[in-house]
Amino acid sequence: MSESGSSHHVADLVTQLNGDGRVVADAPDERLGLTETPVPRSCPPEFRRKVIDLVASGRKTAEVAQLLGVSDRTIYVCRRQHLIDTGQLPGTTGSDLSELAATRKRTAELEAELASTGGLPSC
């Protein structure tokens, strides 16, 4: 595939993920003194796979970042998480992070339900 064809495919992938051709992170947090947009909390698996493929094909990190409309740091974060997920670096895998997030969400739901019912029933 030609370089322009490859670029077009990546743009299509990102458009499918976001609808506008760019991966959008949260807004900068001026309270913390951040002037740049922070890294997205998680990259979709399809996006991470595309990042890994582009970097593995020999493209420079800055080129991949520009092509996908994200920061260099986002590319590094995706690459690092890939290394963790494949056991090449120690850390929490993406599936463990997803499970933890689901558990935290369920805990918050149960706590809200408990608070709305007035607490634990007395014996």
Side-chain angles (χ1 to χ4, degrees):
M1 182 179 287
S2 71
E3 189 170 316
S4 63
S6 175
S7 299
H8 180 69
H9 177 68
V10 172
D12 289 344
L13 175 66
V14 175
T15 300
Q16 290 170 2
L17 296 174
N18 291 354
D20 70 353
R22 292 182 53 88
V23 175
V24 180
D26 297 329
D29 191 337
E30 294 172 0
R31 296 168 298 156
L32 300 176
L34 298 175
T35 56
E36 294 181 0
T37 304
V39 175
R41 294 195 189 273
S42 66
C43 296
E46 303 86 13
F47 179 77
R48 184 175 297 136
R49 180 78 255 149
K50 185 50 68 178
V51 167
I52 299 306
D53 289 346
L54 288 169
V55 171
S57 73
R59 293 183 184 240
K60 296 186 182 305
T61 300
E63 179 185 359
V64 174
Q66 183 178 17
L67 177 68
L68 298 177
V70 298
S71 70
D72 290 4
R73 184 166 180 224
T74 298
I75 303 303
Y76 288 118
V77 168
C78 287
R79 289 176 58 202
R80 184 174 191 282
Q81 189 62 53
H82 172 74
L83 293 173
I84 291 170
D85 290 347
T86 58
Q88 298 175 53
L89 280 178
T92 307
T93 64
S95 60
D96 287 346
L97 290 171
S98 295
E99 187 177 326
L100 180 59
T103 302
R104 286 180 175 158
K105 180 179 178 183
R106 181 65 179 144
T107 300
E109 290 169 356
L110 292 171
E111 287 174 345
E113 183 181 325
L114 186 61
S116 71
T117 60
L120 294 172
S122 57
C123 296

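- Here Arg106 pairs with Glu109 in a salt bridge; the nearest charged N to carboxylate O distance falls below 4.0 Å.
- The CG atom of Leu54 sits 11.0 Å away from atom SG of Cys78, with the distance rounded to the nearest 0.5 Å.
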Using the rule given for side-chain hydrogen bond (donor to acceptor under 3.5 Å, both in side chains), can you reason through Thr74 versus Ser71, listing the C-alpha separation, both sets of side-chain angles and the distance that settles it, and then say yes or no? CA-CA 5 Å; Thr74 298; Ser71 70; 3.2 Å; yes
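- Considering only residues two or more places apart in sequence or on other chains, Thr61 meets the side-chain contact (heavy atoms from CB on, under 4.5 Å) condition with Asp72, Ile75, Tyr76, Arg79.
- No donor-acceptor distance shorter than 3.5 angstrom exists from the side chain of Glu63 to the backbone of Val55, with no hydrogens or angles considered.
- Under a cut-off of 6.0 angstrom, the local environment of CZ in Arg80 is sparse, with at most 12 non-hydrogen atoms contributed by other residues, nucleotides or ligands.
- To the nearest 0.5 angstrom, Lys50 atom NZ is 9.0 Å from Leu68 atom CG.
- Atom-to-atom distance recorded for Leu83:CG and Ile52:CD1 is 7.0 Å, nearest 0.5 angstrom.
- Here the rule is side-chain contact (heavy atoms from CB on, under 4.5 Å) with Asp85, and of Gln81, His82, Gln88 only Gln81 fits it.
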